[in-house]
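Just below is one structure, and these are the notes that go with it.
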Amino acid sequence: MTTYREAIRTALRRLLLEDSRVFLMGEDVGRYGGAYAVSKGLLEEFGEDRIRDTPLCESTFVGAGIGAALGGMRPIVEVMTVNFSMLALDQVVNNAAVMRHMSGGQFEVPIAVRMATGAGKQIAAQHSHSLENWYAYIPGIKVLAPATVQDAHDMLLAAVEDPDPVFIFEHQMLYGIEGPFDPKATPSSPWQAAVRHPGSDVSLIAYGGSVHKAMTAAEELEKERISAEVIDLRSLRPLDRPAIISSVSRTHRAVVIDEAWKTGSLASEISATLAEEAFYELDAPIARVCTREVPIPYAKHLEDAALPQVPAIIEAAKRSLGNG
Amino acid sequence: MSIDISRDDALDLLSQMLRIRRLEEESAELYSQQKIRGFLHLYIGEEAVGVGAMRALRDDDNVVATYREHGHALVRGIPAGEIMAEMYGKANGCSGGRGGSMHLFSLERRFYGGHAIVGGGLPIAVGLALADKMKGESRVTACFFGDGATDEGEFHEALNLAALWKLPVLFLCENNRYAMGTAFDRHVSDDDIVNNPPAYGVHSETVDGMDVVAVERVVHNAAESVRETGEPRFVELRTYRFRAHSMYDAELYRSKAEVEEWKKLDPIEQLKERALGATLITGADIETIEQEVAREIEEAVQFAEEGEWESIDDLARHTYARDLS
């Protein structure tokens, strides 16, 4: 058993050892060891040239990562959290995402950008955002959301290998979780969704931190003889639409769990996909379990009430089965 | 004013500036014929900056430019035909018709693009220089931007990061006195842009951007200093745009008298006068250059006219390395 953060560190070490073009940069990744202790020890092992503490200038260090990628390097940029990544959005949207297309295929940006995401730590409205959908909206970049320890490792390897810009969202509640991990296992394609818990009555579709809540809900539902299938989306762009449709074509009911605000969320996109492409497979209305449309509050009971929780998932699943 | 350059240099400087001037004049004409659409930002008046600076760089250096970059691209060595075809939106354009006037690119010429978000190219230049430093290359990354970009946070962040990490970036500020329609003294608190870089420990200097000889000399020295020390430098090139910001601009923000004053400093006329005065060149030389340039522009237009349109079937091409759909 390994922790999620150790799995990321294992992948970082491997990449740094195997490819001299790889380097890590971001705020506090070096001497501090990473805000979530992911890169602890890497500065000592790989030195200042390859483990670079940056000034607090998200736009410029993400842009510099794009430039370094254009210049033939394989930068891994850590933007501490998604909350700060908004300061770099121009570089993402106007440079990383469009460079290949706008240059007629002459230039590519093989950059991997990692950031923590999500709520649950009582750090209030400015540090608890879930904005994966903003990124998944943009053609030209790819977006991954590792939910398991193995994926945390494998997806980073895949992101650095990829010739396109890849953004990895690590849910801040997952860094400490433990799970099975084989650093030598042949990684599965990160661009496909995974069935984490097979079932036949209802599909619980989730990504990132919400996958674990969906798993707990599925186990609870099992006690009441309801067979729920948990789909871990894994990749948010490209979205594995065939896997979503395939699951719902088996269960005929869909509950989408998304720690974003409901309006304009990925849950909306998935629901629309099902309405467009699997309408006649559905035996019940699609349900979305999302965050309440308020800034994330500090007080624990309020934060808990704002976020998708296991009882709400169970309730939505039962409702779709007509016994809610 | 005297001039201490060779006849060949005088001829080349004049030729390069005239290539830009005539390309831009033709572009404006083609815009009015609706052959070129979208935004079109002309470089007329600023030719000395692009020509002087580009001649000061080596072929192996990197260039990052702005959306007013036809001149830079041309002098850097992207064929006029490919530039014109790009403005037409044709598949034989230097960006395959996907970029247009503001987004000229060339891998071969290490021309990392026309960038049309003001200030957005500066971090890219810093990153290119970082890659070179990490790989042990002796290359300079020349980054062009306007006075408007110095308002942006990225300007200050890029100077700080380039200085902190000792990166070989040559920051070239083309100060044409206007951030679109906002005059310099209405958008910059300090009278002088050169005061900014020293705050980050970056060497900073100003040059008359209407004097192509001075531009080349100053930028050459700055580039070689960056190459030698591996540390960034900043040069402000004081210039003026004779034409409107873009083809949509009614120029309500500046007086005709001001434009006329600056036109007296026309970099092409200045060079002609000095080179003729020093008997480096003759009127016949100028006539020959004009004829060669006219032929080049004519052929460029023909190249664009004859170019194919990219198939709509290939619309999604180059969005990713491999098609995701």
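As the structure is a computational prediction, the values presented were derived from the model and not from experiment. Every chain is numbered from 1, with letters handed out A, B, ... down the list of sequences.
Contact of the R322(B) side chain with the P163(A) side chain is registered, since non-hydrogen atoms from C-beta on lie closer than 4.5 Å. Residues L122(B) and T60(A) fail the side-chain proximity criterion, which asks for heavy atoms closer than 4.5 Å. Residues Q91(A) and I124(B) have side chains in contact (heavy-atom distance under 4.5 Å, counting atoms from C-beta outward). When side chains are defined from C-beta on, H115(B) counts as touching N95(A), because their heavy atoms get closer than 4.5 Å.
Distance CZ/F111(B) to CD/Q106(A): 11.0 Å, rounded to 0.5 Å. Here CE of M102(A) is found 10.0 Å from CG of L104(B). Values are rounded to the nearest 0.5 Å. In this structure, the separation between CZ on R100(A) and CZ on R98(B) is 12.0 Å, given to the nearest 0.5 Å. To the nearest 0.5 angstrom, L70(A) atom CG is 10.5 Å from T141(B) atom OG1. With rounding to the nearest 0.5 Å, the separation of CG in N160(B) from CG in L56(A) is 10.5 Å.
A donor-acceptor contact shorter than 3.5 Å is absent between the side chain of D90(A) and the backbone of G120(B). Remark: side-chain polar atoms of E108(A) are not paired, donor with acceptor, to backbone N or O of A321(B) under 3.5 angstrom. E157(B) places no side-chain N or O within donor-acceptor distance of the main-chain N or O of P55(A), the cut-off being under 3.5 Å.
Of the residues considered (H103(B), R110(B), K133(B)), H103(B) shows the highest number of contacts with chain A, using heavy-atom pairs under 4.5 Å. Ranked by non-hydrogen atom pairs under 4.5 Å with chain B, the options A68(A), S20(A), A69(A) are led by A68(A). With chain A as partner, the option from A116(B), A129(B), G121(B), S106(B) having the largest number of non-hydrogen pairs under 4.5 angstrom is S106(B). Ranked by heavy-atom pairs under 4.5 Å with chain A, the list I117(B), V126(B), N62(B) is led by I117(B).
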M134(B) vs R50(A), test: side chain to side chain contact (heavy atoms under 4.5 Å, CB included). Steps then yes/no. CA-CA 9 Å; M134(B) 292 185 76; R50(A) 299 183 72 201; 4.3 Å; yes
Could you check L130(B) against R52(A) for side chain to side chain contact (heavy atoms under 4.5 Å, CB included), going step by step and ending with a plain yes or no? CA-CA 11 Å; L130(B) 173 62; R52(A) 293 180 167 265; 3.5 Å; yes
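Contact annotation for I138(A): only backbone heavy atoms (N, CA, C, O) come within less than 4.5 Å of a heavy atom of chain B. When heavy atoms are compared at a cutoff of 4.5 Å, P139(A) approaches chain B by way of both its backbone and its side chain. In this structure, chain B has a heavy atom under 4.5 Å from the backbone of I141(A), while its side chain stays farther away. In this structure, no portion of R21(A) lies under 4.5 Å from any heavy atom of chain B.
Ring-plane geometry between H101(A) and H318(B) is classed as perpendicular, the angle between the planes exceeding 60 degrees on a 0 to 90 degree scale with a lower cut at 30.
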